[in-house]
Amino acid sequence: MRLCIENLPFEVTERALYQLFVAFGCITQVDIRRTRNGRSEGVAYVDIKKDYDGNTAINKLDTINFMNRFLRVYEIQNGS
């Protein structure tokens, strides 16, 4: 399952996101979208192995305050 995380703080790292999501299941990839200059765009994608774990992460993390920003976490559907 691929999750989209929006409204990330610009200083967040892949490691910090991995640590946030690994509590819910096996993470296979973390990808922060960056500008050509390497600055975060405030959006990331996290691939989590099991749908159940992804849904749990969405339920627990959507709208939480993470590094003084309220996250938006949702599933990316196939073909999106």
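Computed from heavy atoms alone, side chains included, the values below leave out hydrogens, waters and symmetry copies. For reference, positions follow the sequence shown, starting with 1.
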Side-chain heavy atoms of [X] within contact of [Y], under 4.5 Å:
{"X": "Val46", "Y": "Arg2", "result": "no"}
{"X": "Arg72", "Y": "Thr63", "result": "no"}
{"X": "Asp53", "Y": "Phe21", "result": "no"}

Out of curiosity, does Val12 fall in the hydrophobic cluster containing Val43 (side-chain heavy atoms, cut-off under 4.5 Å, transitive links)? no
Would a single hydrophobic cluster contain both Phe24 and Tyr52, if residues Ile, Leu, Val, Met, Phe, Trp and Tyr are joined by side-chain heavy-atom contacts under 4.5 Å? no
What pair of heavy atoms forms the shortest contact from [X] to [Y], and how long is it?
{"X": "Met1", "Y": "Asp51", "result": "CB-OD1, 3.4 Å"}
{"X": "Ile76", "Y": "Cys4", "result": "CD1-CB, 3.5 Å"}
{"X": "Pro9", "Y": "Ser40", "result": "O-OG, 4.4 Å"}

Donor-acceptor list for residues 25-33 side chains, cut-off 3.5 Å, not counting sequence neighbours:
unit_1 : atom_1 : unit_2 : atom_2 : d
Thr28  : OG1    : Asp47  : O      : 3.4
Arg33  : NE     : Glu41  : OE1    : 3.3
Arg33  : NH2    : Glu41  : OE1    : 3.3

Would you compute the distance between atom [atom1] of [X] and atom [atom2] of [Y] and round it to the nearest 0.5 angstrom?
{"X": "Leu8", "Y": "Phe70", "atom1": "CG", "atom2": "CZ", "value": "14.0 Å"}
{"X": "Lys60", "Y": "Ile58", "atom1": "NZ", "atom2": "CD1", "value": "13.5 Å"}
{"X": "Gln19", "Y": "Glu14", "atom1": "CD", "atom2": "CD", "value": "12.0 Å"}

Can you tell me which residue among Asn7, Leu71, Ile5, Leu61 is in a side chain to side chain contact (heavy atoms under 4.5 Å, CB included) with Phe66? Leu71
Within the side chain of Asn59, is there an N or O that forms a donor-acceptor pair under 3.5 Å with the backbone of Asn55?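 Pair found, side chain donor or acceptor close to backbone of Asn55.
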Is the positively charged end of Arg34 above the ring of Phe10, judged by distance under 6.0 angstrom from the centroid and angle within 45° of the axis?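 Checked: cation-pi criterion not met.
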Applying side-chain hydrogen bond (donor to acceptor under 3.5 Å, both in side chains), name anything that partners Tyr74, two or more places apart in sequence or on another chain.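 Result, side-chain hydrogen bond (donor to acceptor under 3.5 Å, both in side chains) vs Tyr74: Glu6.
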